[in-house]
There are 2 protein chains.
Amino acid sequence: MRISTKFSDSIHLLSFISIFKTEKLTSEFIASSIKTSPVVVRRMIGELRLAGLISPYQGGKSPQLSRPPVDISLFDVYSAVEHKKPLFNIDKDTNPHCPVGAHVPDVLRSIYSEAEAAAFGQLGRTTLQDVIDRIQVAHQRYGEGTAEA
Amino acid sequence: MRISTKFSDSIHLLSFISIFKTEKLTSEFIASSIKTSPVVVRRMIGELRLAGLISPYQGGKSPQLSRPPVDISLFDVYSAVEHKKPLFNIDKDTNPHCPVGAHVPDVLRSIYSEAEAAAFGQLGRTTLQDVIDRIQVAHQRYGEGTAEA
DNA sequence: CTATATTGCAACCGACATAGTTACGGAGAT
DNA sequence: ATCTCCGTAACTATGTCGGTTGCAATATAG
């Protein structure tokens, strides 16, 4: 399959609207930073609004976070756009009459969930504010770009 | 994309050849447990042999692990068949002239690597022997299947 | 109040990764 | 010698994902 960058792009989007909250944020403008199309941006905003991370539409206003970036973890973002999609996939269609095939899916389920808990725990401990801070530190050290293309 | 089950199937395969090491292990027999085709099994065996987890071909013998299951971690298996493919994908094609777009990829790289390290660390601490043990416990408690279909 | 800009949404398309299949030469076993 | 099984390459079928098009609804500007 084509690998999904939705999670990364969503973090990008949320950071962007937080950092540029004083500007007029059109989907076109946001799309220029992510290098994607405005429609894709609107689609992502729709999902994030549905998940409660972006405030419901309020008459022509720019999209804005529904709560401060310190209160949004990357696990919240992952859950919002990937719907808690497992990190590792289990082949559930195995031979139930074989002692190995019959039990592998369940065994993997429990083992994978331990590994996933470790990763998701780490994501849960990282907030959008951390991302924004790191972006701004990097910008002050190396960057001199503007918001424009 | 279609989601990959190669990692799961490889663990299944390795457990299978360890548990049934006294039987004649044809690719057909192994495939019957994973419910896939013999060719797919041979392809996986090829990768695992390349990675050093299965002994090089030795004249008509059944495939066998190159070292005991306690010395094979699930991270070894993941590395062998997924080539350390990252758990989270980064959209590297962002706008370098935007202060956000210019730095998001690097920031995500460092943040993701922390989460991945957590998951891979857990996989590294789990061995093929653990998997085999859990399969056998489950088999003794619930199962009564045979190796046949 | 009309014109322009922008959004939200649905349908569709093209690219691409993956599992499965077909095919065949070669090595071992009997 | 024959039969079985392996290893590998080429091809196919399928599903996911990002991107595009099109349009009605809403908002802002003039």
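Order of the sequence lines sets the chain letters (A, B, ...), proteins ahead of strands, with each chain counted from 1.
- When rounded to the nearest whole Å, the span between CZ of F88(B) and C1' of dC17(D) equals 18 Å.
- The distance from atom CZ of F29(B) to atom P of dT4(D) is 19 Å, rounded to the nearest whole Å.
- Atom C1' of nucleotide dT7(C) and atom CG of L50(A) are separated by 16 Å, given to the nearest angstrom.
- Between the side chains of S73(B) and Y78(B), no donor N or O sits under 3.5 Å from an acceptor N or O.
- Between E47(B) atom CD and dA9(D) atom C1' the separation is 14 Å, expressed in whole Å.
- Side-chain contact annotation: S110(A) with R134(B), donor-acceptor N/O pair under 3.5 Å present.
- Judged as a salt bridge (charged side-chain N to carboxylate O under 4.0 Å, His left out), and not counting sequence neighbours, the contacts of R109(A) are D106(A).
- No side-chain donor-acceptor contact under 3.5 Å links T94(A) and H12(B).
- Counting heavy atoms from C-beta on, the side chains of S15(A) and I135(A) come closer than 4.5 Å.
- Note: NE2 (H83(A)) to C1' (dT16(D)) measures 15 Å, nearest angstrom.
- When atom types are taken as modelled, the side chain of E116(B) and the backbone of L87(B) share a donor-acceptor pair closer than 3.5 angstrom.
- As a whole-Å value, the separation of I30(B) CD1 from dG7(D) P is 10 Å.
- Spacing between atom CZ of R49(A) and atom P of dT7(C) amounts to 10 Å, rounded to whole angstrom units.
- Nearest nucleotide to the side chain of S27(A), out of dC17(D), dT7(C), dT20(D): dT7(C).
- Picking from dG18(D), dA19(C), dT7(C) the nucleotide with the shortest atom distance to the side chain of K6(A) gives dG18(D).
- Between I45(A) and T5(B), the residue anchored nearer the 5' end of DNA chain C, judged by the nucleotide with its closest heavy atom, is I45(A).
- Comparing atom distances between the T26(B) side chain and each of dG19(D), dA19(C), dC6(D) picks out dC6(D) as nearest.
- In this structure, L25(B) reaches the sugar-phosphate backbone alone: every heavy-atom distance under 4.0 Å involves primed, P, OP1 or OP2 atoms, never a base.
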Protein N or O to nucleotides 21-25 of chain D N or O, pairs below 3.5 Å:
none

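- Under the salt bridge (Lys or Arg N to Asp or Glu O under 4.0 Å) criterion, the residue pairs touching residues 63-82 of chain A are R67(A)-D76(A), E82(A)-K85(A), with sequence neighbours excluded.
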